[in-house]
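Being a predicted model, the structure only gives us computed values, none of them experimental. Below, all heavy atoms of this structure are taken into account, side chains as well, without hydrogens, waters or symmetry copies. In the text below, chain A, chain B and the rest are named by the order of the sequence lines, each starting its count at 1.
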Amino acid sequence: MIPLHVEQVAYTYPNGVVALQNISFSIAPGESIALIGQNGAGKTTLARQLNGLLQPTQGRVLIGDLDTRQHTVAKLAAQVGYVFQHPEHQIFKRTVRDELAFGPRNLGYPADRATALVTQALRLTELTEFAEDHPHDLLPALRKRVTLASVLAMDTPILVLDEPTTGQDARGIQVIGAIIDNLRAAGRTVITISHDIDFCADHCHRLIVLGGGRVLLDGPAEEVFGRPEVLEQTAVELPQLARLTARLGLPLAWQPEALLDALEARQHQQGQQ
Amino acid sequence: MISLYQPRDSPIHRLHPLTKLTLSFGLIAVALGAPVDWAPLLLYVAVLVPLSYVAQVPGPFLSTSWRLLLPFAISLFLIQSFFFPEGTQILARLGPLTVKAEGVRFAFASTVRILLITGALLLTLLTTHPGLLMTGLVQKGFPPPLAYVVVTTLQIVPQMRERARTIIDAQRARGLETQGSLLVRMRALGPLVGPLVLGALLDVEERTLALEARAFSATSAKTSLYDLRDPAAERIARWAVVLGIAGLIAWRLLEALQ
């Protein structure tokens, strides 16, 4: 497992749009990070720096000791898996199984390892029964899970998920959440770009809030959610339960158990009075 | 909207879209009807390039038109120089292959024609907002579905380019090598072309449904949000060009019959 370092990264698009300014942070192996912020905050631009799809105009990104400026995306793909937002941008094989095998084959994994990884990715994403189906015959939500599975099958130490929950039903969100939790437990790094703040709060232990191409906040959920005035600047809303606790004047909580604990504590307090 | 349009304040931009389209077709007709091979090149250099400066789009005009031309030019010169069927005048020998003068001449004539055709239409697209082009066509009596087809066809290049870029990124992120030897690049074509074509087809289906859902095929008169001026001088110029094209075709037909 390898760390990731973003060092004073700035990026300006060829048309002159400044997307990132002086961004620095490090991610240790096994961290689950959420990149959040309003549209145009620089989330996707930053994520694309992490596997070399974009090269910083200033600063550098290190994947372990690999400088992304000195390696091709194909080489970096063995370290950083990137799940794109739209399945139609990558799916081209005739069966789900073949689609999943595309990445491991490109990386030159031995056949038995590639087969095992594909089988495992199918199981994790609950796609085993669709393995021999044409990916375009699947429902859009399942097709999106094919793209996630196709990157899981590459067995990379770092994964970037771009809006993984878009178009997913409750079961799909649960499956993706469980995958992130399991990856983290296995020491892999997961970076999730999402507008689904509840999902991020549940599955990411560290949130990086971007606004105007800069890091506005970087810390655990309780620290980030404790700064609503900064979140407001970048149009990020607190999770529903956190907003409810704020309205009820309870200590900040965004998980049902924590909310129940806070309510019980208040009842207890009131009983004593 | 992804398009080639470059917003500027120039006399070319202010022309009615149909005027620009008609002038483009007029120029193409002159070039194709001219009896000399180099006429399209002359018209490109003497008319289109100066006009691109007037329109303040010389950079995008020159770079895009040459980038569009290059693959055609290379394949035309390679194939026609070596395999022109009626060639007798041999310019050079490369092992069993011979470069024939007639083939080179044919390749040159075809290349400069493509240069002029793409250049004329490109200048129109660079200086015309797609919405104005659609409005212009509909106001002149084009059925809206047909006008839509024309406009989207003309926009297909930048849209496909944008989509191709994203697909290349997605496949490179899965370890596909897209740079290197010709063999490596050839191998990368399948994973790129598949999603490009499938995506485009799916797009057509979705777009059709979205258009229908918003009453695109309604027969009532449509409201235009664009104020499109069509001065008398431009209308006269358009008719003159149309008559000119018709005359040119008639002249060439008569010439061929004699």
Side-chain angles (χ1 to χ4, degrees), chain A residues 14-15 44-45 47-48 50-54 71-94 98-109 114 134-137 140 143 146-156 158-162, chain B residues 1-8 56-57 59-60 63-64 67 126 156 158-210:
Chain A
N15 62 5
T44 299
T45 307
R48 287 180 174 219
L50 306 181
N51 70 340
L53 281 171
L54 294 175
H71 300 279
T72 64
V73 178
K75 160 123 186 174
L76 293 166
Q79 308 300 331
V80 184
Y82 192 117
V83 183
F84 275 68
Q85 197 176 347
H86 301 291
E88 60 274 20
H89 287 155
Q90 67 165 67
I91 287 173
F92 72 105
K93 292 283 189 183
R94 285 172 187 275
D98 285 349
E99 186 65 38
L100 266 58
F102 178 71
R105 287 178 58 206
N106 284 329
L107 298 179
Y109 292 166
H134 195 296
H136 282 283
D137 288 340
R143 225 181 293 152
V146 172
T147 62
L148 170 59
S150 76
V151 175
L152 281 178
M154 290 163 68
D155 199 23
T156 54
I158 300 169
L159 260 103
V160 180
L161 314 179
D162 194 350
Chain B
M1 178 187 260
I2 301 163
S3 78
L4 290 167
Y5 176 61
Q6 306 282 318
R8 305 275 193 279
Q56 300 162 31
V57 292
S63 68
T64 311
R67 263 187 298 165
L126 287 170
I156 207 162
Q159 280 168 5
M160 292 293 259
R161 192 175 55 191
E162 193 59 32
R163 183 188 289 274
R165 202 172 292 153
T166 315
I167 293 167
I168 289 169
D169 281 352
Q171 305 301 37
R172 284 163 75 207
R174 291 200 293 165
L176 181 72
E177 197 60 81
T178 55
Q179 290 159 337
S181 69
L182 188 64
L183 190 69
V184 170
R185 286 164 190 254
M186 294 284 281
R187 220 179 279 150
L189 272 179
L192 303 182
V193 173
L196 189 66
V197 174
L198 270 173
L201 292 173
L202 289 170
D203 244 19
V204 170
E205 192 186 354
E206 285 214 0
R207 200 175 291 186
T208 310
L209 294 174

Exercise. Hey, are the side chains of B:L198 and A:E88 touching, using non-hydrogen atoms and a 4.5 Å cut-off?
Worked result: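 Side-chain contact under 4.5 Å: no.
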
Exercise. What part of B:L202 gets closer than 4.5 Å to chain A, counting heavy atoms only: side chain, backbone, both or neither?
Worked result: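 When you check distances to chain A, only side chain atoms of B:L202 fall under 4.5 Å.
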
Problem set entry | Option in A:H89, A:K93, A:H136 with maximal non-hydrogen atom pairs under 4.5 Å from chain B |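 Winner by heavy-atom pair count: A:H89.
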
Exercise. Given the options A:V160, A:V151, A:I91, A:T147, which has more heavy-atom pairs under 4.5 Å with chain B than any of the others?
Worked result: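 Result: the option with the highest number of such pairs is A:I91.
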
Problem set entry | Contacting region of A:L107 [heavy-atom separation from chain B under 4.5 Å] |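 For A:L107, side-chain heavy atoms alone lie under 4.5 Å from chain B.
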
Problem set entry | Which atoms of A:R48 approach chain B - backbone, side chain, both or neither, heavy atom under 4.5 Å |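 Side chain of A:R48 only, per the 4.5 Å heavy-atom cut-off to chain B.
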
[X] side, atom [atom1]; [Y] side, atom [atom2] - distance, nearest 0.5 Å:
X	Y	atom1	atom2	value
A:D155	A:Y109	CG	OH	5.5 Å
A:N51	B:R172	CG	CZ	8.5 Å
B:L192	B:Q171	CG	CD	6.5 Å
A:L159	A:L152	CG	CG	6.0 Å
A:L54	A:T44	CG	OG1	10.0 Å
A:L50	A:T45	CG	OG1	11.0 Å

Problem set entry | Residue-level contacts of residues 79-87 of chain A with chain B, using a heavy-atom cutoff under 4.5 Å |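 Within residues 79-87 of chain A, the residues under 4.5 Å from chain B are A:V80, A:Y82, A:F84.
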
Problem set entry | salt_bridge(A:E99, A:R143) N-O dist < 4.0 Å |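 Judged by the 4.0 Å cut-off on N to carboxylate O distance, A:E99 and A:R143 do not form a salt bridge.
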
Problem set entry | Pick from B:D169, B:T178, B:T166 with the largest number of heavy-atom pairs that fall under 4.5 Å of chain A |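 Option with the top pair count is B:D169.
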
Problem set entry | Top contributor to chain A contacts, counting heavy-atom pairs under 4.5 Å, from B:L176, B:V193, B:V197, B:I168 |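 Heavy-atom pairs under 4.5 Å are most numerous for B:L176.
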
Exercise. Near B:R8 CZ, under 6.0 Å, is it more than 12 heavy atoms from other residues, nucleotides or ligands?
Worked result: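 More than 12 heavy atoms, drawn from other residues, nucleotides or ligands, come within 6.0 Å of this atom.
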
